[in-house]
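Chain A is the first sequence line, chain B the second, and so forth, proteins listed ahead of strands; every chain is numbered from 1.
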There are 2 protein chains.
Amino acid sequence: MAGGGGDRRSVARKVFAIADAFTGREELSLSEIAGRANLPLSTAHRLVAEWVEWGGLERGDDGNYRVGVRVWRLGVRQPTAMRLRRVAMPYLEDLLESTHEHVHLAIRDGLGATYLERLSGPAAVPAISDIGSRLPLHATGVGLVLLSYAPPEVFEELLASGPRAYQPGTITDERGLRRRMAEIRSTGIATTVEELTPGAFSIAAPVRDATGEVLAAVSIVAHVERLAEPQISLGVRMAARGISSALGYRAHVD
Amino acid sequence: MAGGGGDRRSVARKVFAIADAFTGREELSLSEIAGRANLPLSTAHRLVAEWVEWGGLERGDDGNYRVGVRVWRLGVRQPTAMRLRRVAMPYLEDLLESTHEHVHLAIRDGLGATYLERLSGPAAVPAISDIGSRLPLHATGVGLVLLSYAPPEVFEELLASGPRAYQPGTITDERGLRRRMAEIRSTGIATTVEELTPGAFSIAAPVRDATGEVLAAVSIVAHVERLAEPQISLGVRMAARGISSALGYRAHVD
DNA sequence: TACCTCCTTCCACTGGGCGGAAGGACTCAG
DNA sequence: CTGAGTCCTTCCGCCCAGTGGAAGGAGGTA
């Protein structure tokens with residue numbers, strides 16, 4: 001009976017698949033984990049028990065599992081995230097104060113933009129990004145900025161993955177995206193209008209480190225009403241420049 | 001040749017051992033990882049490659065490995081840490097403002113106290129705790145509070161693990177620790193004097209949730225000179241009570 | 001009681017993981 | 001340039017750890 005054979009994934013991949021099952025979910029039952037990770041119940045049971053023993057997952061009183069403190073501890077010192085957030089915070093706070101809109105700081109993470117920080121005023125636009133969430137590169141301001149300065153193979157991969165059109169206005173074709181990326185590289189700023197959320201626009205700018213590499217993006221998301229206000233794009237630009245400069249970037253240096 | 005046999009650990013444990021190798025280190029080479037995780041180089045190589053593929057580890061330009069953004073993303077939403085920090089922050093800020101000393105928020109994590117938050121004024125005492133760091137239960141204020149309210153088996157495990165004496169004043173024997181824990185439970189406050197760091201003392205108090213369970217501790221660490229000032233212990237008490245009450249705890253309720 | 005869902009444990013088969021060793025890549029000293 | 005040293009990467013055949021279907025709980029509902 002049974003035994004042997006099994007699926008082709010390595011054990012390590014199965015272990016990670018369990019972690020991935022928690023994407024977008026705070027709490028999962030064993031069978032939900034097994035389902036999301038595509039594992040037989042007994043295999044999931046054993047591996048989840050190892051996660052719990054290590055402390056990477058915790059079991060609540062209700063028997064459900066959630067991400068454990070060990071993972072938080074391991075990740076909270078992640079060098080990129082830690083350094084960027086610390087350096088950027090004052091600039092993001094200034095930007096919030098001067099615009100009273102959602103302010104974001106994001107880095108590229110594979111084919112997504114991961115939000116390192118979000119500050120929000122009493123804005124009218126519903127926010128879909130939260131710290132730690134991941135949104136598509138081609139349909140967000142920060143995403144487009146990060147995509148524009150990423151190595152070319154990232155763009156190839158994105159095309160191969162079949163970018164989704166979230167709204168009628170979302171650009172998903174190669175030609176359109178290439179044109180847009182060139183424009184962003186030449187102007188140093190990205191504007192999206194109702195491409196992910198109806199009624200919202202975003203303005204984003206790149207953050208560079210001392211070597212000149214773009215390692216993050218800053219954006220503001222606000223109601224389309226305010227699209228014409230020049231101080232918003234100016235503010236984003238200034239914040240991105242301020243952070244870059246705090247990271248050691250000097251414009252016009254070889 | 002070779003092959004077979006090998007060490008008794010499951011693959012999952014080896015995967016986690018690699019993560020643990022990064023405790024207290026930001027960056028490691030492959031051979032350092034192999035050494036710290038007690039794995040043959042070839043095994044470490046394969047498993048580290050799987051970590052990198054998943055995104056839990058990242059490889060820098062220098063070839064060294066560091067914790068990846070994926071881990072940060074997974075952990076940053078850890079329910080306990082996220083909720084506690086958000087709720088506690090204003091109280092911790094008040095405490096910092098009124099005392100100008102190191103303010104800590106910590107939870108128990110196995111036999112250690114993990115620091116969820118630390119705010120620091122221009123204090124004279126060198127701080128050894130940073131966010132995400134883990135210090136011993138029996139030699140810190142927050143640790144003693146967490147230990148005092150933890151299930152009895154935690155204390156048994158601590159004794160079995162052979163608690164280390166960091167300073168001449170550190171209490172490590174069962175009798176002394178039991179007496180101390182009883183005192184903390186009856187007064188609701190813990191004081192340590194030069195038990196981990198010479199010249200420093202700490203005052204800590206428990207934070208409770210709506211069910212009355214102690215799930216965190218707040219402390220102040222300052223120079224022994226200020227030991228006698230009553231407003232410090234009062235401030236810690238008030239902060240802990242404020243956070244507890246924000247979490248839904250109502251004192252003197254059945 | 002019968003039925004359901006979800007969790008936990010069991011066990012015999014077998015292919016994925018194992019790790020020593022060989023081969024590169026790179027640095028440094030002479 | 002040569003040789004020694006360090007560290008990383010790849011190779012390959014052996015064998016036991018991992019596998020997963022199934023059976024057995026636990027708990028809830030009708």
> A:S31 side chain: which of C:dC6, C:dG19, D:dG18 is closest?
Replying inline: C:dC6
> To the nearest Å, how far apart are B:L30 CG and D:dC7 P?
Replying inline: 11 Å
>> Under 4.0 Å from OP1 or OP2 of D:dT9: is there any side-chain N or O of B:H45 that close?
In response: yes
> In whole angstrom, what separates B:D62's CG from C:dT27's P?
Replying inline: 13 Å
> Considering heavy-atom distances to DNA chain C, does A:R59 or B:R46 have its closest nucleotide positioned more toward the 5' end?
Replying inline: A:R59
> Within less than 4.0 Å of OP1 or OP2 of C:dG19, is there a side-chain N or O belonging to B:T43?
Replying inline: yes
> With the threshold set at 4.0 Å, does a side-chain nitrogen-carboxylate oxygen contact exist between B:E32 and B:R25?
Replying inline: yes
>> In this structure, how many angstroms lie between the P atom of D:dC7 and the OH atom of B:Y65, rounded?
In response: 14 Å
> Should A:K14 and B:E50 count as an ion pair when the cut-off is N to O under 4.0 Å?
Replying inline: no
> D:dG18 P sits how many Å from B:L47 CG, rounded?
Replying inline: 12 Å
>> I'd like to know if A:D130 and A:R134 make a salt bridge, using a cut-off of under 4.0 Å between side-chain N and carboxylate O.
In response: no
> Between C:dC10, C:dG19, D:dC8, which nucleotide gets closest to the side-chain atoms of B:S42?
Replying inline: C:dG19
> Which nucleotide in the set C:dG17, D:dC8, D:dG20 lies at the smallest distance from any side-chain heavy atom of B:S29?
Replying inline: D:dC8
>> What is the separation between atom CZ on A:R9 and atom P on D:dA17, rounded to the nearest whole Å?
In response: 22 Å
>> Quick check on D:dG18: is either OP1 or OP2 less than 4.0 Å from any side-chain nitrogen or oxygen of A:K14?
In response: no
>> Please check: side-chain N/O of B:R118 versus main-chain N/O of B:L105, any donor-acceptor pairing under 3.5 Å?
In response: no
>> From CG of B:L39 over to C1' of D:dC8, roughly how many Å is that when rounded to an integer?
In response: 16 Å
> To the nearest Å, how far apart are B:L41 CG and C:dA21 C1'?
Replying inline: 12 Å
> Rounded to whole angstroms, how far apart are CG on A:N64 and P on D:dG27?
Replying inline: 16 Å
> Is B:R77 close enough and on-axis enough to A:F22, meaning under 6.0 Å and within 45°, for cation-pi?
Replying inline: no
